[in-house]
2 protein chains.
Amino acid sequence: MSFLLYDLAGAEDDRRFSPFCWRTKLCLKHKGLDFETVPWRFTERDAISFTGQGRVPVLVDKSAGDKAVWDSWDIARYLDSAYPENPLIPEGAENLVFFTKCWVETAIHPKIAGLLLWGVYSHLADKDRDYFRTSREKVFGRTLEEIEAGADAGVEALRATLQPLRLTLKSTDFLGGNSPNLADYIAFSPFAWARAISERPLLEADDPVHHWRERMMDLYDGYVRKAPGYPVI
Amino acid sequence: MSFLLYDLAGAEDDRRFSPFCWRTKLCLKHKGLDFETVPWRFTERDAISFTGQGRVPVLVDKSAGDKAVWDSWDIARYLDSAYPENPLIPEGAENLVFFTKCWVETAIHPKIAGLLLWGVYSHLADKDRDYFRTSREKVFGRTLEEIEAGADAGVEALRATLQPLRLTLKSTDFLGGNSPNLADYIAFSPFAWARAISERPLLEADDPVHHWRERMMDLYDGYVRKAPGYPVI
(Lines give C-alpha, C1' and ligand atoms only; values in the text may rest on other atoms or scores of the structure.)
Protein backbone atom coordinates (compact mmCIF):
# COMPACT_ATOMS: atom_id res chain seq x y z
CA MET A 1 0.00 0.00 0.00
CA SER A 2 1.71 3.14 -1.17
CA PHE A 3 -0.89 5.86 -0.44
CA LEU A 4 -2.92 6.93 2.55
CA LEU A 5 -6.05 8.99 1.94
CA TYR A 6 -7.90 10.90 4.67
CA ASP A 7 -11.51 10.50 3.58
CA LEU A 8 -14.56 12.16 5.13
CA ALA A 9 -16.79 9.61 6.89
CA GLY A 10 -20.17 9.59 8.62
CA ALA A 11 -21.07 7.86 11.87
CA GLU A 12 -20.22 4.57 10.19
CA ASP A 13 -16.57 4.28 9.21
CA ASP A 14 -17.42 3.21 5.66
CA ARG A 15 -20.09 5.86 4.95
CA ARG A 16 -18.03 8.08 2.66
CA PHE A 17 -19.82 11.02 1.10
CA SER A 18 -17.45 13.90 0.33
CA PRO A 19 -17.59 14.68 -3.42
CA PHE A 20 -14.03 16.01 -3.26
CA CYS A 21 -12.78 12.77 -1.68
CA TRP A 22 -14.66 10.74 -4.31
CA ARG A 23 -12.79 12.62 -7.02
CA THR A 24 -9.48 11.63 -5.46
CA LYS A 25 -10.43 7.97 -4.95
CA LEU A 26 -11.46 7.72 -8.61
CA CYS A 27 -8.21 9.42 -9.66
CA LEU A 28 -6.22 6.82 -7.72
CA LYS A 29 -8.28 4.01 -9.27
CA HIS A 30 -7.75 5.56 -12.72
CA LYS A 31 -4.01 5.40 -12.18
CA GLY A 32 -4.20 1.86 -10.81
CA LEU A 33 -2.50 3.00 -7.60
CA ASP A 34 -2.93 1.08 -4.38
CA PHE A 35 -4.31 3.10 -1.48
CA GLU A 36 -5.80 2.81 1.95
CA THR A 37 -8.35 5.28 3.30
CA VAL A 38 -8.50 6.68 6.83
CA PRO A 39 -12.02 7.61 7.94
CA TRP A 40 -11.93 11.24 9.02
CA ARG A 41 -14.57 13.48 10.60
CA PHE A 42 -15.06 17.24 10.24
CA THR A 43 -13.98 17.85 13.83
CA GLU A 44 -10.78 15.82 13.63
CA ARG A 45 -8.62 18.74 12.58
CA ASP A 46 -5.70 17.54 14.64
CA ALA A 47 -5.38 14.38 12.55
CA ILE A 48 -4.49 16.43 9.45
CA SER A 49 -2.81 19.39 11.15
CA PHE A 50 0.46 18.30 9.52
CA THR A 51 -0.93 19.89 6.34
CA GLY A 52 -1.48 23.28 7.97
CA GLN A 53 -5.11 23.28 6.86
CA GLY A 54 -8.33 21.57 7.91
CA ARG A 55 -9.94 19.89 4.91
CA VAL A 56 -9.90 16.55 3.18
CA PRO A 57 -9.02 14.92 0.87
CA VAL A 58 -5.44 14.73 2.12
CA LEU A 59 -3.26 12.25 0.29
CA VAL A 60 -0.01 10.93 1.75
CA ASP A 61 2.35 9.38 -0.78
CA LYS A 62 4.31 6.86 1.26
CA SER A 63 6.59 5.99 -1.64
CA ALA A 64 7.63 9.65 -1.88
CA GLY A 65 8.81 10.25 1.68
CA ASP A 66 5.29 10.66 3.07
CA LYS A 67 4.71 13.65 0.85
CA ALA A 68 1.30 15.12 1.67
CA VAL A 69 -0.93 16.75 -0.96
CA TRP A 70 -4.36 18.25 -0.39
CA ASP A 71 -7.15 19.79 -2.45
CA SER A 72 -8.61 17.35 -4.96
CA TRP A 73 -7.44 19.44 -7.95
CA ASP A 74 -3.86 19.66 -6.69
CA ILE A 75 -3.90 15.95 -5.93
CA ALA A 76 -4.95 15.14 -9.51
CA ARG A 77 -2.18 17.34 -10.87
CA TYR A 78 0.31 15.76 -8.50
CA LEU A 79 -0.68 12.28 -9.62
CA ASP A 80 -0.34 13.22 -13.31
CA SER A 81 3.06 14.71 -12.61
CA ALA A 82 4.46 11.95 -10.38
CA TYR A 83 2.69 9.03 -12.13
CA PRO A 84 2.31 10.23 -15.73
CA GLU A 85 0.97 7.00 -17.21
CA ASN A 86 -2.74 7.15 -18.14
CA PRO A 87 -3.16 10.92 -17.71
CA LEU A 88 -6.13 12.25 -15.78
CA ILE A 89 -5.96 15.54 -17.71
CA PRO A 90 -5.55 15.26 -21.50
CA GLU A 91 -2.62 17.28 -22.80
CA GLY A 92 -3.69 20.74 -23.90
CA ALA A 93 -7.04 20.43 -22.14
CA GLU A 94 -6.17 21.45 -18.59
CA ASN A 95 -8.19 24.67 -18.78
CA LEU A 96 -11.19 22.85 -20.21
CA VAL A 97 -11.14 20.32 -17.38
CA PHE A 98 -10.73 23.21 -14.95
CA PHE A 99 -13.71 24.93 -16.56
CA THR A 100 -15.77 21.77 -15.98
CA LYS A 101 -14.65 21.78 -12.34
CA CYS A 102 -15.68 25.43 -11.95
CA TRP A 103 -19.04 24.68 -13.54
CA VAL A 104 -19.64 21.75 -11.18
CA GLU A 105 -18.70 23.83 -8.15
CA THR A 106 -20.55 27.04 -9.05
CA ALA A 107 -23.60 25.73 -10.93
CA ILE A 108 -24.19 22.19 -9.64
CA HIS A 109 -22.98 22.16 -6.03
CA PRO A 110 -25.14 25.11 -4.91
CA LYS A 111 -28.20 23.42 -6.49
CA ILE A 112 -27.55 19.90 -5.20
CA ALA A 113 -26.30 20.80 -1.72
CA GLY A 114 -29.74 21.82 -0.50
CA LEU A 115 -31.10 18.45 -1.61
CA LEU A 116 -28.45 16.57 0.37
CA LEU A 117 -27.70 18.50 3.55
CA TRP A 118 -30.32 16.72 5.62
CA GLY A 119 -29.05 13.38 4.37
CA VAL A 120 -25.52 14.29 5.32
CA TYR A 121 -26.59 15.52 8.75
CA SER A 122 -28.52 12.29 9.40
CA HIS A 123 -25.47 10.19 8.66
CA LEU A 124 -22.91 12.19 10.63
CA ALA A 125 -21.10 11.10 13.76
CA ASP A 126 -22.58 12.84 16.81
CA LYS A 127 -19.45 14.88 17.38
CA ASP A 128 -19.70 16.43 13.88
CA ARG A 129 -23.35 17.48 14.03
CA ASP A 130 -23.05 20.83 15.78
CA TYR A 131 -20.26 21.97 13.51
CA PHE A 132 -22.15 20.89 10.41
CA ARG A 133 -25.48 22.42 11.41
CA THR A 134 -23.94 25.73 12.44
CA SER A 135 -21.70 26.15 9.40
CA ARG A 136 -24.32 25.12 6.82
CA GLU A 137 -27.19 27.07 8.37
CA LYS A 138 -24.96 30.14 8.28
CA VAL A 139 -24.24 29.68 4.56
CA PHE A 140 -27.87 28.96 3.62
CA GLY A 141 -29.49 31.41 6.04
CA ARG A 142 -32.07 28.74 6.96
CA THR A 143 -32.27 25.80 9.37
CA LEU A 144 -31.46 22.33 8.04
CA GLU A 145 -35.12 21.45 8.61
CA GLU A 146 -36.27 24.40 6.49
CA ILE A 147 -33.79 23.51 3.74
CA GLU A 148 -35.00 19.91 3.70
CA ALA A 149 -38.65 20.99 3.60
CA GLY A 150 -37.98 22.84 0.34
CA ALA A 151 -35.63 20.27 -1.15
CA ASP A 152 -37.98 18.29 -3.41
CA ALA A 153 -38.88 21.53 -5.18
CA GLY A 154 -35.20 21.99 -6.07
CA VAL A 155 -34.89 18.79 -8.09
CA GLU A 156 -36.24 20.37 -11.29
CA ALA A 157 -33.77 23.26 -11.06
CA LEU A 158 -30.91 20.79 -10.68
CA ARG A 159 -32.08 18.83 -13.72
CA ALA A 160 -32.30 22.02 -15.80
CA THR A 161 -28.80 23.06 -14.78
CA LEU A 162 -27.44 19.68 -15.88
CA GLN A 163 -28.44 20.41 -19.49
CA PRO A 164 -24.92 20.98 -20.92
CA LEU A 165 -23.75 17.71 -19.37
CA ARG A 166 -26.88 15.95 -20.67
CA LEU A 167 -26.40 17.18 -24.25
CA THR A 168 -22.74 16.15 -24.22
CA LEU A 169 -23.44 12.67 -22.84
CA LYS A 170 -26.13 12.02 -25.47
CA SER A 171 -23.51 10.92 -27.95
CA THR A 172 -20.55 9.73 -25.91
CA ASP A 173 -19.92 7.30 -23.07
CA PHE A 174 -17.74 9.63 -21.05
CA LEU A 175 -16.59 13.26 -21.15
CA GLY A 176 -13.19 11.70 -21.79
CA GLY A 177 -14.56 9.82 -24.82
CA ASN A 178 -14.43 6.02 -24.71
CA SER A 179 -12.95 6.12 -21.23
CA PRO A 180 -13.27 8.60 -18.38
CA ASN A 181 -10.87 11.36 -17.43
CA LEU A 182 -10.71 13.85 -14.57
CA ALA A 183 -13.66 15.82 -15.98
CA ASP A 184 -15.84 12.72 -15.55
CA TYR A 185 -14.68 12.16 -11.98
CA ILE A 186 -15.37 15.78 -11.07
CA ALA A 187 -18.78 15.93 -12.75
CA PHE A 188 -19.76 12.57 -11.25
CA SER A 189 -18.64 13.42 -7.72
CA PRO A 190 -21.88 15.17 -6.66
CA PHE A 191 -23.74 11.97 -7.56
CA ALA A 192 -21.34 9.83 -5.50
CA TRP A 193 -22.03 12.26 -2.66
CA ALA A 194 -25.79 11.97 -3.18
CA ARG A 195 -26.04 8.17 -3.29
CA ALA A 196 -23.99 7.80 -0.10
CA ILE A 197 -26.44 9.66 2.10
CA SER A 198 -29.74 10.27 0.32
CA GLU A 199 -32.61 8.32 -1.19
CA ARG A 200 -34.00 11.37 -3.01
CA PRO A 201 -34.39 10.67 -6.76
CA LEU A 202 -32.40 13.23 -8.73
CA LEU A 203 -32.63 12.09 -12.36
CA GLU A 204 -35.20 10.61 -14.69
CA ALA A 205 -34.73 7.06 -15.93
CA ASP A 206 -34.24 8.14 -19.57
CA ASP A 207 -31.73 10.88 -18.76
CA PRO A 208 -28.34 10.39 -20.47
CA VAL A 209 -26.83 11.72 -17.24
CA HIS A 210 -28.39 8.77 -15.42
CA HIS A 211 -26.95 6.25 -17.90
CA TRP A 212 -23.51 7.85 -17.57
CA ARG A 213 -23.82 7.76 -13.78
CA GLU A 214 -24.48 4.02 -14.03
CA ARG A 215 -21.33 3.63 -16.17
CA MET A 216 -19.36 5.64 -13.63
CA MET A 217 -20.57 3.40 -10.81
CA ASP A 218 -19.49 0.34 -12.80
CA LEU A 219 -15.90 1.54 -13.23
CA TYR A 220 -13.04 -0.27 -11.53
CA ASP A 221 -14.98 -3.39 -10.72
CA GLY A 222 -17.95 -1.41 -9.39
CA TYR A 223 -15.85 0.58 -6.95
CA VAL A 224 -18.49 3.25 -6.26
CA ARG A 225 -21.41 0.80 -6.43
CA LYS A 226 -19.84 -1.37 -3.72
CA ALA A 227 -19.52 1.53 -1.30
CA PRO A 228 -22.37 1.91 1.20
CA GLY A 229 -25.14 3.98 -0.34
CA TYR A 230 -28.73 4.02 -1.51
CA PRO A 231 -30.10 2.70 -4.79
CA VAL A 232 -30.48 5.83 -6.89
CA ILE A 233 -32.34 6.99 -9.92
CA MET B 1 -9.90 33.47 -52.06
CA SER B 2 -10.69 29.87 -51.30
CA PHE B 3 -13.77 30.11 -49.03
CA LEU B 4 -17.11 31.84 -49.21
CA LEU B 5 -19.03 32.39 -45.97
CA TYR B 6 -22.69 33.35 -45.82
CA ASP B 7 -22.75 35.64 -42.79
CA LEU B 8 -25.82 37.18 -41.14
CA ALA B 9 -25.95 40.97 -41.65
CA GLY B 10 -28.10 43.86 -40.48
CA ALA B 11 -29.40 46.74 -42.57
CA GLU B 12 -25.79 47.72 -43.21
CA ASP B 13 -23.86 45.12 -45.17
CA ASP B 14 -20.98 45.13 -42.69
CA ARG B 15 -23.07 44.94 -39.49
CA ARG B 16 -22.41 41.30 -38.62
CA PHE B 17 -23.85 40.02 -35.38
CA SER B 18 -24.60 36.29 -35.47
CA PRO B 19 -22.61 34.54 -32.69
CA PHE B 20 -22.56 31.35 -34.75
CA CYS B 21 -21.08 33.16 -37.75
CA TRP B 22 -18.49 34.81 -35.49
CA ARG B 23 -17.37 31.38 -34.36
CA THR B 24 -16.78 30.35 -37.94
CA LYS B 25 -14.94 33.55 -38.92
CA LEU B 26 -12.60 33.12 -35.95
CA CYS B 27 -12.07 29.45 -36.88
CA LEU B 28 -11.05 30.48 -40.41
CA LYS B 29 -8.71 33.15 -39.00
CA HIS B 30 -7.27 30.57 -36.56
CA LYS B 31 -6.42 28.34 -39.52
CA GLY B 32 -5.02 31.26 -41.51
CA LEU B 33 -7.47 30.51 -44.33
CA ASP B 34 -8.47 33.19 -46.79
CA PHE B 35 -12.20 33.83 -47.02
CA GLU B 36 -14.76 36.25 -48.31
CA THR B 37 -18.10 36.83 -46.59
CA VAL B 38 -21.47 37.27 -48.26
CA PRO B 39 -23.90 39.44 -46.27
CA TRP B 40 -27.07 37.40 -45.76
CA ARG B 41 -30.43 38.28 -44.20
CA PHE B 42 -32.86 36.03 -42.31
CA THR B 43 -35.37 36.18 -45.14
CA GLU B 44 -32.92 35.29 -47.91
CA ARG B 45 -33.55 31.56 -47.68
CA ASP B 46 -33.25 31.11 -51.43
CA ALA B 47 -29.61 32.20 -51.37
CA ILE B 48 -28.64 29.16 -49.27
CA SER B 49 -31.31 26.72 -50.46
CA PHE B 50 -28.50 24.66 -52.02
CA THR B 51 -27.82 23.41 -48.45
CA GLY B 52 -31.38 22.17 -47.94
CA GLN B 53 -31.69 24.22 -44.75
CA GLY B 54 -32.20 27.87 -43.86
CA ARG B 55 -29.53 28.97 -41.42
CA VAL B 56 -26.09 30.51 -41.51
CA PRO B 57 -23.14 30.14 -41.19
CA VAL B 58 -22.82 28.31 -44.48
CA LEU B 59 -19.26 27.80 -45.65
CA VAL B 60 -18.41 27.00 -49.26
CA ASP B 61 -14.96 25.52 -49.77
CA LYS B 62 -14.05 26.56 -53.31
CA SER B 63 -10.84 24.56 -53.28
CA ALA B 64 -12.84 21.39 -52.55
CA GLY B 65 -15.29 21.47 -55.46
CA ASP B 66 -17.55 24.08 -53.83
CA LYS B 67 -18.26 21.74 -50.94
CA ALA B 68 -20.80 23.36 -48.64
CA VAL B 69 -20.77 22.87 -44.86
CA TRP B 70 -23.17 24.42 -42.36
CA ASP B 71 -23.65 24.56 -38.60
CA SER B 72 -20.73 26.22 -36.83
CA TRP B 73 -19.76 23.02 -34.97
CA ASP B 74 -19.71 20.91 -38.13
CA ILE B 75 -17.73 23.63 -39.92
CA ALA B 76 -15.07 23.59 -37.17
CA ARG B 77 -14.82 19.80 -37.41
CA TYR B 78 -14.63 20.00 -41.19
CA LEU B 79 -11.81 22.53 -41.01
CA ASP B 80 -9.85 20.39 -38.54
CA SER B 81 -10.32 17.37 -40.75
CA ALA B 82 -9.56 19.01 -44.13
CA TYR B 83 -6.93 21.48 -42.84
CA PRO B 84 -5.41 19.69 -39.82
CA GLU B 85 -2.63 22.17 -39.09
CA ASN B 86 -3.18 24.23 -35.93
CA PRO B 87 -6.15 22.23 -34.60
CA LEU B 88 -9.24 24.04 -33.35
CA ILE B 89 -10.08 21.10 -31.08
CA PRO B 90 -7.20 19.66 -29.01
CA GLU B 91 -6.81 15.92 -29.43
CA GLY B 92 -8.73 14.01 -26.78
CA ALA B 93 -10.70 17.08 -25.75
CA GLU B 94 -13.54 17.08 -28.28
CA ASN B 95 -16.17 16.28 -25.64
CA LEU B 96 -14.86 18.98 -23.33
CA VAL B 97 -15.05 21.58 -26.09
CA PHE B 98 -18.53 20.29 -26.92
CA PHE B 99 -19.48 20.61 -23.25
CA THR B 100 -18.33 24.25 -23.33
CA LYS B 101 -20.48 24.78 -26.43
CA CYS B 102 -23.52 23.24 -24.70
CA TRP B 103 -22.92 25.44 -21.65
CA VAL B 104 -22.72 28.56 -23.81
CA GLU B 105 -25.90 27.66 -25.66
CA THR B 106 -28.01 26.52 -22.71
CA ALA B 107 -26.73 28.73 -19.89
CA ILE B 108 -25.39 31.90 -21.55
CA HIS B 109 -27.46 32.38 -24.72
CA PRO B 110 -30.84 32.33 -22.93
CA LYS B 111 -29.55 34.91 -20.44
CA ILE B 112 -27.85 37.22 -22.94
CA ALA B 113 -30.46 37.03 -25.72
CA GLY B 114 -32.99 39.10 -23.80
CA LEU B 115 -30.37 41.82 -23.35
CA LEU B 116 -29.66 41.97 -27.08
CA LEU B 117 -32.89 41.33 -28.97
CA TRP B 118 -33.88 44.98 -29.14
CA GLY B 119 -30.40 45.86 -30.37
CA VAL B 120 -30.62 43.22 -33.08
CA TYR B 121 -34.09 44.38 -34.14
CA SER B 122 -32.92 48.00 -34.35
CA HIS B 123 -30.11 47.05 -36.70
CA LEU B 124 -32.03 44.72 -39.00
CA ALA B 125 -32.88 45.30 -42.62
CA ASP B 126 -36.55 46.27 -42.97
CA LYS B 127 -37.39 43.05 -44.77
CA ASP B 128 -36.14 40.97 -41.80
CA ARG B 129 -38.02 42.79 -39.05
CA ASP B 130 -41.37 41.05 -39.20
CA TYR B 131 -39.79 37.61 -39.22
CA PHE B 132 -37.51 38.48 -36.32
CA ARG B 133 -40.20 40.08 -34.17
CA THR B 134 -42.68 37.26 -34.71
CA SER B 135 -40.25 34.41 -34.12
CA ARG B 136 -38.57 35.92 -31.05
CA GLU B 137 -41.77 37.12 -29.41
CA LYS B 138 -43.12 33.59 -29.78
CA VAL B 139 -40.08 32.08 -28.04
CA PHE B 140 -40.02 34.65 -25.21
CA GLY B 141 -43.79 35.02 -24.82
CA ARG B 142 -43.40 38.80 -24.61
CA THR B 143 -43.09 41.70 -27.05
CA LEU B 144 -39.63 42.95 -27.96
CA GLU B 145 -40.49 46.20 -26.16
CA GLU B 146 -41.38 44.30 -22.97
CA ILE B 147 -38.19 42.24 -23.20
CA GLU B 148 -36.09 45.39 -23.62
CA ALA B 149 -37.83 47.10 -20.70
CA GLY B 150 -36.67 44.28 -18.40
CA ALA B 151 -33.24 43.85 -19.93
CA ASP B 152 -31.06 45.93 -17.58
CA ALA B 153 -32.28 43.80 -14.70
CA GLY B 154 -30.92 40.71 -16.45
CA VAL B 155 -27.30 41.85 -16.50
CA GLU B 156 -26.60 40.61 -12.97
CA ALA B 157 -27.97 37.15 -13.77
CA LEU B 158 -25.72 36.95 -16.83
CA ARG B 159 -22.69 37.94 -14.77
CA ALA B 160 -23.48 35.29 -12.15
CA THR B 161 -23.84 32.60 -14.81
CA LEU B 162 -20.42 33.50 -16.22
CA GLN B 163 -18.75 32.44 -12.95
CA PRO B 164 -17.13 29.18 -14.23
CA LEU B 165 -15.65 31.07 -17.18
CA ARG B 166 -14.50 33.87 -14.83
CA LEU B 167 -12.77 31.47 -12.42
CA THR B 168 -11.02 29.68 -15.28
CA LEU B 169 -9.81 32.90 -16.91
CA LYS B 170 -8.39 34.20 -13.64
CA SER B 171 -5.18 32.27 -14.18
CA THR B 172 -4.92 31.77 -17.94
CA ASP B 173 -5.00 33.95 -21.04
CA PHE B 174 -7.31 31.67 -23.00
CA LEU B 175 -9.35 28.51 -22.45
CA GLY B 176 -6.86 27.00 -24.88
CA GLY B 177 -3.94 28.09 -22.65
CA ASN B 178 -1.42 30.50 -24.16
CA SER B 179 -3.41 30.68 -27.36
CA PRO B 180 -7.12 30.29 -28.12
CA ASN B 181 -8.91 27.22 -29.39
CA LEU B 182 -12.48 26.50 -30.46
CA ALA B 183 -13.72 26.70 -26.85
CA ASP B 184 -12.56 30.34 -26.75
CA TYR B 185 -14.26 31.18 -30.03
CA ILE B 186 -17.52 29.62 -28.88
CA ALA B 187 -17.49 31.23 -25.42
CA PHE B 188 -16.53 34.60 -26.91
CA SER B 189 -19.15 34.54 -29.66
CA PRO B 190 -22.01 35.96 -27.51
CA PHE B 191 -19.80 38.99 -26.80
CA ALA B 192 -19.04 39.48 -30.49
CA TRP B 193 -22.80 39.37 -31.01
CA ALA B 194 -23.36 41.92 -28.24
CA ARG B 195 -20.81 44.51 -29.32
CA ALA B 196 -22.11 44.50 -32.90
CA ILE B 197 -25.59 45.72 -32.00
CA SER B 198 -25.76 46.92 -28.40
CA GLU B 199 -24.27 49.59 -26.16
CA ARG B 200 -25.49 47.88 -22.98
CA PRO B 201 -22.58 47.29 -20.54
CA LEU B 202 -22.38 43.58 -19.73
CA LEU B 203 -19.23 43.18 -17.64
CA GLU B 204 -17.41 45.06 -14.92
CA ALA B 205 -14.03 46.61 -15.69
CA ASP B 206 -12.15 44.30 -13.28
CA ASP B 207 -13.82 41.10 -14.54
CA PRO B 208 -11.33 38.52 -15.92
CA VAL B 209 -13.98 37.78 -18.57
CA HIS B 210 -13.68 41.40 -19.71
CA HIS B 211 -9.88 41.19 -19.97
CA TRP B 212 -10.16 37.95 -21.94
CA ARG B 213 -12.77 39.58 -24.21
CA GLU B 214 -10.27 42.35 -24.92
CA ARG B 215 -7.63 39.74 -25.81
CA MET B 216 -10.13 37.99 -28.09
CA MET B 217 -10.89 41.27 -29.88
CA ASP B 218 -7.15 41.84 -30.39
CA LEU B 219 -6.61 38.49 -32.12
CA TYR B 220 -5.70 38.34 -35.79
CA ASP B 221 -4.71 41.95 -36.09
CA GLY B 222 -7.83 43.15 -34.23
CA TYR B 223 -10.21 41.30 -36.54
CA VAL B 224 -13.25 41.59 -34.26
CA ARG B 225 -12.35 45.08 -33.02
CA LYS B 226 -12.26 46.39 -36.59
CA ALA B 227 -15.76 45.15 -37.37
CA PRO B 228 -18.56 47.69 -36.91
CA GLY B 229 -19.73 47.67 -33.31
CA TYR B 230 -20.02 49.64 -30.11
CA PRO B 231 -17.31 50.28 -27.54
CA VAL B 232 -18.09 47.76 -24.83
CA ILE B 233 -17.36 47.22 -21.19
Side-chain angles (χ1 to χ4, degrees), chain A residues 30 71 73-74 77 80 86-111 157-188 190 208-209 212 215-216, chain B residues 30 71 73-74 77 80 86-111 157-188 190 208-209 212 215-216:
Chain A
H30 178 101
D71 180 283
W73 179 259
D74 289 342
R77 281 167 48 110
D80 262 356
N86 201 10
L88 289 156
I89 302 174
E91 205 182 314
E94 180 166 333
N95 289 335
L96 294 177
V97 178
F98 191 78
F99 173 79
T100 312
K101 165 189 149 69
C102 295
W103 175 75
V104 167
E105 294 174 8
T106 67
I108 301 302
H109 277 202
K111 290 227 162 64
L158 172 69
R159 288 178 185 167
T161 307
L162 288 167
Q163 187 67 357
L165 187 63
R166 181 172 298 119
L167 293 176
T168 307
L169 292 168
K170 259 188 182 169
S171 53
T172 184
D173 276 357
F174 298 102
L175 294 176
N178 294 324
S179 60
N181 66 24
L182 180 57
D184 289 280
Y185 304 137
I186 292 174
F188 170 70
V209 179
W212 163 78
R215 288 191 290 276
M216 294 299 293
Chain B
H30 178 102
D71 180 284
W73 180 258
D74 289 341
R77 281 167 48 110
D80 263 356
N86 202 10
L88 289 157
I89 302 175
E91 205 184 314
E94 179 166 334
N95 289 335
L96 294 177
V97 178
F98 191 77
F99 172 79
T100 312
K101 165 188 149 71
C102 295
W103 174 76
V104 168
E105 293 174 9
T106 67
I108 301 301
H109 277 202
K111 289 226 163 65
L158 172 69
R159 287 178 186 167
T161 307
L162 288 167
Q163 187 66 357
L165 187 63
R166 181 173 298 121
L167 293 176
T168 308
L169 292 169
K170 259 187 182 170
S171 53
T172 185
D173 276 356
F174 299 102
L175 294 176
N178 294 325
S179 59
N181 67 24
L182 181 57
D184 289 280
Y185 303 138
I186 292 174
F188 170 70
V209 180
W212 162 79
R215 288 190 290 277
M216 294 299 293

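In what follows, every chain begins at residue 1, and chains take the letters A, B, ... in the order their sequences are listed.
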Item to check | A/Glu105 portion near chain B, given a 4.5 angstrom heavy-atom threshold | outcome: neither
Checklist entry - Taking all atoms of both residues into account, what is the closest heavy-atom pair of A/Pro90 and B/Gly92, and its distance? => result CG-O, 3.9 Å
Checklist entry - CZ of A/Phe99 to CZ of B/Phe99: how many Å apart, nearest 0.5 Å? => result 6.0 Å
Item to check | Under 4.5 Å from any heavy atom of chain B - which part of A/Leu169 | outcome: neither
Item to check | Region of A/Val97 in contact with chain B, defined by heavy-atom distances below 4.5 Å | outcome: both
Next on the checklist: Measuring from atom CZ of A/Phe98 to atom OG1 of B/Thr172, what distance do you get when rounded to the nearest 0.5 angstrom?
Outcome noted: 10.0 Å
Checklist entry - Relative to chain B, which of A/Glu94, A/Lys101, A/Gln163 shows the most heavy atom pairs under 4.5 Å? => result A/Gln163
Checklist entry - Would A/Thr168 and B/Asn95 count as having a side-chain donor-acceptor pair, cut-off 3.5 Å? => result no
Item to check | Under 4.5 Å from a heavy atom of chain B, the part of A/Pro164 involved | outcome: both
